[in-house]
Amino acid sequence: MLKKAKENKYAVPHFNINNLEWTKYILEKCNELNIPVILGVSESAIKYMGGVNVISAMVKGLIQDLNIKIPVCLHVDHGKSKEVCIQAIDAGFTSVMIDASAQELPENIKITKEVVDYAHAKGVSVEAEVGHIGGTEDNITGSNHNATVEDCLTLYENTKIDALAPALGSVHGFYQTEANLDFITMKEINEKLPIPLVLHGGTGIPDEKIKKAIACGISKININTELQVVWANAVRKFLNETEAYDPRKIIGSGEKAIKDRIGQIVTLFQTKI
Ligand code: 13P
């Protein structure tokens, strides 16, 4: 999925999922648009939904019952330990992110390599992070420090990961000031590494900067907060305007907002099959 995106200079969307309904809306909309999609599941979302086996079975079931024909990747987002990645791989996830970016580079390489060895033996792809992407993710707030070209090369050469998320100024959640992305380093990393690059913290980055990031080699863009916001606004409005109590109606009142926003996002990303 990402190799094609890198070659043809577009980005594949990664949307974080929270429950059955979100997964269904994302799959339906991407299938309607005939584009590939990555379903990202954070560790807290794994716990929330019951575990990796529930999620894997849910996604498989939805693909079958909804007759979804597009390429779908089920991906662990920011797996903090080797154990969570292994559990997800064993449950049928097709991709994992091992995020050992809180560690010094040698330890990051060691943990990432262990995950790569396990994943590649099972045909599963691995994303890793260099530097540290700041902002708020899974209710944890951290500060940003940017990746260097040398560290990215060292991690890649020692692990043979499939995709890399270099911290280059994007943050998770809302931006306090406009996103300050280091496009020069992004372009250099892209030229020196043969693998696709990932942009985390896709919410709130102006359209022009998204386009520039794709031109500089970004092939996967992670979106979480943005879909939460459009969904929550729609549900809030619905609850204020009705006396609804049926959970299906309440949750479903955010469906159109999610689907409409996905349509806009993937037009910007120029996603193709
Ligand atoms: P946002 O919440 O800023 O969209 O970031 C999502 C993300 O990067 C998930 O890994």
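If you read the sequence from its start, that first residue is 1, and numbering goes on from there. Just so you know, ligand 1 is whichever comes first in the structure, and atom 1 is the first atom listed for that ligand.
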Ligand-residue contact atoms, ligand 1 with His200, heavy atoms, under 4.0 Å: 8 (O), 10 (O)
Ligand 1 atoms in contact with Thr225 (distance to a heavy atom under 4.0 Å): 1 (P), 2 (O), 3 (O), 4 (O)
Distance-only polar pair, side chains of Asn31 and Lys29, donor-acceptor under 3.5 Å: no
Ligand 1 contacted by Glu226 (non-hydrogen, < 4.0 Å): no
Those atoms of ligand 1 less than 4.0 Å from some heavy atom in Ile223: 4 (O)
Atoms in ligand 1 flagged as close to His78, the criterion being non-hydrogen separation under 4.0 Å: 10 (O)
Below 3.5 Å, can you tabulate the donor-acceptor pairs from side chains in residues 261-269 to any protein atom, sequence neighbours excluded?
from: Arg261; atom 1: NE; to: Glu226; atom 2: OE2; distance (Å): 2.5
from: Arg261; atom 1: NH1; to: Gln264; atom 2: OE1; distance (Å): 2.5
from: Arg261; atom 1: NH2; to: Glu226; atom 2: OE2; distance (Å): 2.3
from: Thr267; atom 1: OG1; to: Gly263; atom 2: O; distance (Å): 2.7

Numbering as shown, the atoms of ligand 1 that approach Thr203 to under 4.0 Å (heavy-atom distance): 1 (P), 2 (O), 3 (O), 4 (O)
No-hydrogen, no-angle side-chain donor-acceptor test under 3.5 Å, Asp162 and His120: yes
contact_flag Gly201 ligand 1 heavy-atom lt 4.0 Å: yes
Between Tyr156 and Asp151, a side-chain donor and acceptor under 3.5 Å: no
Proximal ligand 1 atoms for Gly202, defined as those under 4.0 Å from one of its heavy atoms: 3 (O), 4 (O), 5 (O)
Where ligand 1 meets Asn16 - atom numbers and elements under 4.0 angstrom, heavy-atom basis: 9 (C)
Proximal ligand 1 atoms for His172, defined as those under 4.0 Å from one of its heavy atoms: 3 (O), 5 (O), 7 (C), 8 (O), 10 (O)
Polar side chain donor-acceptor pair, Asn16 to Asp77, under 3.5 angstrom: yes
Donor + acceptor pair across side chains of Lys110, Asn108 (<3.5 Å): no
Between His14 and His200: side-chain donor-acceptor atoms closer than 3.5 Å: no
